[in-house]
Amino acid sequence: MRNFITPSRSIAVGERGMVATSHPQATLAALDILKAGGNAMDAAIAAVALQGVVEPQMTGVGGDCFVLYSKKGGAPVSFNGSGRTPAKTDLASVAARMKDIPPTAPEGVTIPGAVDAWCTLNKAHGSKSLDEIFKPAIEAAENGFRITPRVSADWSRNRPRLESNANAKAQYLPGGAVANIGDRRDQPALGKTLRKIARDGRKAFYEGEVAEELASVLQTLGGVHQASDFAAHKGEDVTPISTTYGGHDILECPPNGQGLAALMILRILEGFEMKSLSEADRVHVLAEASKAAYRARDAFFCDPAFGKIDAKHFLSDNYIGKLRGKIDMKRATAKVDWDEIEHTDTVYVTVVDRDLNAVSFINSLFNPFGSGIYAPKSGVLLHNRGYGFRLKAGHPNALAPNKRPVHTIIPGMVMKGGKCVMPFGVMGGHYQATGHGNFLSNVFDLGMDIQAASESPRSFAFDGVLSLEPTFGKAIGDDLASRGHEVKWSEVALGGCQAIWIDRERGVLLGATDHRKDGVALGF
């Protein structure tokens with residue numbers, strides 16, 4: 001039971017359905033789909049499509065996604081909805097012109113995989129037509145929507161990205177104005193594209209005038225994208241990877257996502273009595289575990305079509321034992337050279353319906369407003385996931401034709417006795433693997449309910465800096481600094497969490513979403 005005097009949120013309670021998203025309008029849209037007889041996949045796609053309109057800085061049809069889906073609470077399936085580079089991509093040519101791929105460059109735009117994933121998952125697991133599922137998104141795009149606080153803050157903070165592209169500036173900064181809280185905005189061109197997809201499915205995006213415009217816009221900026229690259233795109237079913245923690249099975253999507261890094265962090269934490277440690281000790285252990293897992297991620301993870309990533313090896317007792325054995329409780333490990341891009345945001349949605357179908361769904365543009373490259377006729381804002389590629393020949397994540405970059409977005413799912421007990425996700429780019437470890441440790445080690453676990457102070461060890469949310473307090477920061485951590489008090493919230501706990505014994509669904517976003521969890 002939470003303290004009703006201390007500012008926090010109550011856990012959401014439902015029986016016939018539960019939705020948790022980072023935007024209240026998306027939660028309501030998904031809940032309406034459930035009430036109208038739709039299933040969890042219908043509701044999740046409705047929410048994500050709408051968020052691409054009302055949270056354009058975070059997600060959209062120009063992005064990618066990963067999904068875990070448990071039918072009637074059973075063993076989940078996984079879908080990789082990430083896109084590949086154009087066929088004419090040439091590492092040597094790009095490396096001759098730049099040291100790293102800039103975040104606004106067309107070289108950072110891989111073929112968006114979200115729309116293909118939505119259509120494929122709707123056909124395989126949905127019960128309603130895309131026409132009905134897309135109605136809330138189309139209405140918001142064509143008739144307008146009001147700006148919520150977190151969206152406004154992100155819009156203002158990332159104004160330079162929009163100013164980097166004339167078309168994006170015209171759409172998102174009309175008259176030079178950012179979107180303030182309560183302002184009304186619309187996206188009519190995107191509304192038309194959503195109508196086309198609702199009517200004609202994936203071909204409306206990957207073939208014809210939309211694909212041709214996207215290829216043309218990218219070519220104008222120096223990209224090598226062809227309409228044929230869009231037509232060739234296809235997501236794929238993949239097998240989830242897993243480990244155990246706190247008596248539960250934790251499932252993640254395999255690489256090219258960083259879910260394996262999250263499992264590595266959990267395996268390292270498993271060797272410590274987290275409950276008996278002080279708060280500063282827990283932050284220290286999480287930081288050291290994160291650094292170890294992220295080093296492995298950046299050295300070895302890649303598109304599995306271009307290199308084998310043996311999850312069993314990285315999760316083995318021998319490998320994890322060596323990493324765990326290097327952790328000194330009194331001293332932070334030395335800073336290592338780190339040339340990864342900084343962490344960023346995305347959107348995460350989770351839905352459980354009356355039949356206990358459970359969806360863990362994450363969709364992203366990567367950087368806020370993605371690449372900033374906007375196609376005005378189709379209303380598509382393109383992501384920049386490919387700017388995480390390395391321009392080093394021989395590196396597992398090196399730029400190459402028809403290749404998927406390493407992704408940070410990772411949906412999660414917790415199982416017990418072969419049944420799904422919690423779909424969950426923690427937004428925040430690179431932070432996500434650490435976020436999964438921290439959230440699950442809060443639940444299984446410290447006994448927090450999922451709302452309290454999502455609200456707890458967050459830390460993130462990355463690029464030689466240990467970022468702490470100010471809610472930790474000065475004493476914790478001083479303690480960690482004395483161990484050699486370069487402590488920095490974070491000026492922005494670290495990530496955002498949504499989760500749904502399925503209590504089968506009582507027949508109740510419990511939902512959580514934290515205060516770092518505008519979202520809400522609602523059940524009925």
Side-chain angles (χ1 to χ4, degrees), residues 25-26 28-30 32-56 59-65 67 69 79 81 83 111-145 167 171 185-217 225-235 347 349 351 359 361 363 365 374-383:
Q25 200 168 334
L28 289 172
D32 285 343
I33 291 287
L34 292 182
K35 288 182 175 180
N39 66 22
M41 187 62 76
D42 298 326
I45 296 171
V48 167
L50 177 57
Q51 285 177 285
V53 178
V54 301
E55 289 188 271
T59 193
V61 297
D64 284 340
C65 70
V67 181
Y69 175 68
F79 192 84
I111 303 303
V115 172
D116 170 79
W118 301 353
C119 295
T120 301
L121 292 166
N122 170 253
K123 184 177 181 179
H125 307 294
S127 66
K128 289 187 173 293
S129 69
L130 288 175
D131 182 61
E132 184 172 353
I133 290 169
F134 279 9
K135 277 182 180 178
I138 292 169
E139 181 178 353
E142 295 181 345
N143 300 325
F145 57 95
N167 292 327
Q171 168 61 34
R185 291 296 178 92
D186 60 17
Q187 298 203 65
L190 177 58
K192 291 180 181 178
T193 295
L194 289 168
R195 283 190 180 277
K196 292 175 183 176
I197 299 169
R199 182 185 66 241
D200 299 325
R202 70 175 303 284
K203 70 179 182 180
F205 187 87
Y206 295 96
E207 301 175 27
E209 58 185 9
V210 173
E212 290 168 3
E213 185 200 14
L214 295 176
S216 176
V217 165
H225 306 69
Q226 307 292 319
S228 57
D229 293 315
F230 287 84
H233 172 75
K234 186 175 179 59
V347 299
V349 170
V351 183
V359 179
F361 201 123
N363 212 101
L365 291 177
Y374 179 76
K377 293 180 181 178
S378 57
V380 177
L381 183 65
L382 290 163
H383 69 157

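The basis for the numbers below is simple: all heavy atoms, side chains too, and nothing from hydrogens, waters or symmetry mates.
Within the 4.5 Å cutoff, side-chain heavy atoms of V359 are placed close to those of V67. Side-chain contact between V53 and L194 is present, with heavy atoms from C-beta onward closer than 4.5 Å. Between V61 and P112, the closest side-chain pair of non-hydrogen atoms is not below 4.5 Å. Counting heavy atoms from C-beta outward, V349 and Q51 have side chains that approach closer than 4.5 Å. Counting only heavy atoms from C-beta outward, the side chains of V351 and F361 never approach each other to under 4.5 Å.
Side-chain atoms of N39 never come within 3.5 Å of backbone atoms of L34 as a donor-acceptor pair (strictly under, hydrogens ignored). A donor-acceptor pair is defined here as one N or O able to donate and one able to accept, closer than 3.5 Å; no such pair exists between the side chain of D131 and the backbone of R199. Looking only at distances, a side-chain donor or acceptor of D42 sits under 3.5 Å from a matching main-chain atom of S127. For D32 (side chain) and A29 (main-chain N/O), no donor-acceptor pair under 3.5 Å exists by modelled atom type. When atom types are taken as modelled, the side chain of N143 and the backbone of A140 share no donor-acceptor pair closer than 3.5 angstrom.
By the 30° and 60° cut-offs, the orientation of the rings of Y206 relative to H233 is parallel.
Classification of E207 and K203 as a salt-bridged pair fails, no side-chain N sitting under 4.0 Å from a carboxylate O. Remark: E142 engages R195 in a salt bridge, criterion side-chain N to carboxylate O under 4.0 Å. A salt bridge is defined here as a Lys NZ or Arg NE, NH1 or NH2 lying under 4.0 Å from an Asp or Glu carboxylate O, and D116 with R202 meets this definition.
The minimum heavy-atom distance linking A141 with D186 is given by the pair O-CB, 3.4 Å. Scanning all heavy atoms of the two residues, the minimum distance from Y374 to G379 falls at OH-CA, 3.3 Å. When all heavy atoms are compared, the tightest approach of A117 to G81 is CB-CA, 4.1 Å. In terms of heavy atoms, C119 sits closest to L130 at SG-CD1, 3.8 Å. The two residues P376 and N167 come nearest to each other via the heavy atoms CD-ND2, 3.6 Å. Nearest heavy atom pair, residue A46 against residue I33, reads CB-CG1, 3.9 Å.
Considering CZ of F134 and NZ of K196, their distance stands at 14.0 Å, rounded to 0.5 Å. One finds the CH2 atom of W118 at 9.0 Å from the CZ atom of F205 (value rounded to the nearest 0.5 Å). Note that CG of D229 is 11.5 Å distant from CG of L214, once rounded to the nearest 0.5 Å. Between Y69 atom OH and L121 atom CG the span is 9.5 Å, to the nearest 0.5 Å. Atom CG of L381 is separated from atom CD of Q187 by 8.0 Å, given to the nearest 0.5 angstrom. Distance check, rounded to the nearest 0.5 Å: CG of L28 to CG of L50 gives 9.5 Å.
E213 and S378 share a donor-acceptor pair across their side chains, judged by distance under 3.5 Å alone.
Counting non-hydrogen atoms of neighbouring residues, nucleotides and ligands closer than 6.0 angstrom, the NZ atom of K377 reaches no more than 12 such neighbours.
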**OP:** Applying side chain to side chain contact (heavy atoms under 4.5 Å, CB included), run through I133 and N122 and close with a yes or a no.
**Re:** CA-CA 9 Å; I133 290 169; N122 170 253; 3.3 Å; yes

